Amino acid sequence: TSHPSRPYFRSMTDAKSAEARAARAAEREKEKSAVVCEVLKDAMVCSDAKILGAGGIKVGQGTTVHPMCLIHAKAGPIEIGNFCCLEEQVEIVNNTTETLVIGDYNVFEVGARVQGGHGAKIGHGNVIEARAHLGLGVKIGNGCTVTAMTKVNQLDVLEDETVLIGPTSRHKEVGATEAHMKAAKRLFEILKETIPRAHHLRKSQGKVASSSRTEKAEKAEAPPAAAAPPPNAEAEAETAEAAEPEG
């Protein structure tokens, strides 16, 4: 025989579970609304990707963020450069107030993980293969390859064009930077035709104050524009020459 009070306890448990689910959902919505995510021209951020955190996220020109990715700026900003590709289930998390800077033409394969903080930085033209893990404070140069399932230890440094196989085995791959960058650009040319057809894309939500790519720095790097000649300057010069008396 069933105890007469069991339905009551069951209903109380169900009610508490529903309240907990509602609280979690409200917290997620609050976190989403607090996100500042700047999506630059031609970048494709799928709406199914999880973009979280109040630190601010900047997605560079031509960069693709696939569904089921997690980019979480819990404390500090995350800046992702141009023409990068984040495949499914990639996780990039910054738990510190430092800016996590990821350069251009980087490819993060399925399930790769990156942890920001303690000077962590990724250069240009790198390939982080499936399920690889970059620990806290890892610095990656240009043209590096971290092979599948490899965990890069905390505060480790990979010099330019290093191939890391497992935690200790590494060698150089000369010319990898240029080859990786070309491959990333070709990948973008393919994805820009296929991703918008299959997924809804996220739009910009605010603008991130950049610490490494400020507008002043961009202006300083740009070549000075040549001064334009005044209108009809050449015609006036020719007229003046014609008017001069011959000696």
Side-chain angles (χ1 to χ4, degrees), residues 40 42-43 57-66 69 71 73 76-87 90-96 98-191 210-214 217-218 220-223:
L40 300 189
D42 294 330
I57 296 164
K58 184 175 182 179
V59 181
Q61 177 182 354
T63 287
T64 305
V65 181
H66 285 250
C69 286
I71 306 176
I78 297 174
E79 296 182 11
I80 302 174
N82 302 327
F83 300 105
C84 294
C85 178
L86 280 62
E87 295 183 356
V90 167
E91 294 184 9
I92 299 177
V93 179
N94 188 10
N95 292 316
T96 71
E98 298 176 15
T99 300
L100 173 58
V101 178
I102 297 173
D104 304 331
Y105 299 99
N106 293 298
V107 175
F108 299 86
E109 295 183 358
V110 175
R113 296 171 60 196
V114 179
Q115 190 172 354
H118 292 275
K121 186 176 181 180
I122 299 175
H124 309 298
N126 299 290
V127 177
I128 312 301
E129 293 186 356
R131 309 290 177 190
H133 180 201
L134 307 187
L136 190 67
V138 169
K139 293 183 177 69
I140 307 289
N142 302 321
C144 296
T145 301
V146 180
T147 57
M149 304 291 290
T150 295
K151 182 174 182 179
V152 186
N153 296 322
Q154 292 187 11
L155 304 178
D156 200 351
V157 177
L158 295 188
E159 296 179 355
D160 291 352
E161 300 188 339
T162 296
V163 179
L164 182 64
I165 306 171
T168 56
S169 177
R170 58 184 72 189
H171 63 270
K172 289 286 187 177
E173 185 181 6
V174 178
T177 303
E178 184 178 357
H180 290 176
M181 293 174 76
K182 287 181 178 178
K185 191 63 185 292
R186 287 196 300 268
L187 181 59
F188 165 73
E189 295 297 329
I190 295 170
L191 292 175
S210 173
S211 62
S212 65
R213 303 183 180 195
T214 59
E218 289 174 357
E221 291 173 2

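Side-chain atoms are counted along with the backbone in the values below, which use heavy atoms only and exclude waters and symmetry mates. Given the structure is predicted, the values throughout are model-derived calculations rather than measurements.
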For the [atom1] atom of [X] and the [atom2] atom of [Y], what is their distance to the nearest 0.5 Å?
X: Gln154; Y: Gln115; atom1: CD; atom2: CD; answer: 6.5 Å
X: His180; Y: Tyr105; atom1: NE2; atom2: OH; answer: 14.5 Å
X: Cys69; Y: Glu91; atom1: SG; atom2: CD; answer: 9.0 Å
X: Thr162; Y: Lys172; atom1: OG1; atom2: NZ; answer: 3.5 Å
X: Leu164; Y: Glu129; atom1: CG; atom2: CD; answer: 10.5 Å
X: Asn82; Y: Gln61; atom1: CG; atom2: CD; answer: 5.5 Å

Report yes or no: does [X] contribute a side-chain atom to a donor-acceptor pair with the main-chain N or O of [Y] at less than 3.5 Å?
X: His133; Y: Arg113; result: no
X: Glu87; Y: His66; result: no
X: Glu159; Y: Gly141; result: no

Given side chains that start at C-beta, do those of [X] and [Y] come closer than 4.5 Å, heavy atoms only?
X: Leu100; Y: Val114; value: yes
X: Thr96; Y: Asn94; value: yes
X: Leu158; Y: Val146; value: yes

(message) Angle between ring planes, Phe188 versus Phe83, binned at 30° and 60°: parallel, tilted or perpendicular?
(response)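 Answer is perpendicular, since the angle exceeds 60°.
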How close do [X] and [Y] get, counting heavy atoms only, and between which atoms?
X: Ala176; Y: Gly143; result: CB-O, 3.4 Å
X: Lys139; Y: Gly119; result: CE-O, 3.4 Å
X: Cys84; Y: Gly103; result: SG-O, 3.1 Å
X: Leu187; Y: Val107; result: CD2-CG2, 4.4 Å
X: Gly166; Y: Thr147; result: N-OG1, 3.8 Å

(message) Working note: Val110 + Arg131, criterion side chain to side chain contact (heavy atoms under 4.5 Å, CB included); need CA distance, chi angles, decisive distance, verdict.
(response) CA-CA 6 Å; Val110 175; Arg131 309 290 177 190; 4.3 Å; yes
(message) Using the rule side-chain hydrogen bond (donor to acceptor under 3.5 Å, both in side chains), only one of Asn142, Thr177, Asn106 pairs with Asn126; which is it?
(response)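 It is Asn106, the one option of Asn142, Thr177, Asn106 that forms the side-chain hydrogen bond (donor to acceptor under 3.5 Å, both in side chains) with Asn126.
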(message) Given Thr99, which partner from the list Glu79, Lys58, Lys121 fulfils the side-chain contact (heavy atoms from CB on, under 4.5 Å) test?
(response)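 One option only clears the test, and that one is Glu79.
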(request) Tell me, with the steps shown, if Phe108 and Ile80 meet side chain to side chain contact (heavy atoms under 4.5 Å, CB included). (result) CA-CA 12 Å; Phe108 299 86; Ile80 302 174; 5.8 Å; no
(request) Apply side chain to side chain contact (heavy atoms under 4.5 Å, CB included) to the pair Ile122 and Leu134, showing each step before the final yes or no. (result) CA-CA 10 Å; Ile122 299 175; Leu134 307 187; 3.7 Å; yes
(request) Might you work through the side chain to side chain contact (heavy atoms under 4.5 Å, CB included) test for Ile128 and Val90, ending with a clear yes or no? (result) CA-CA 10 Å; Ile128 312 301; Val90 167; over 6 Å; no
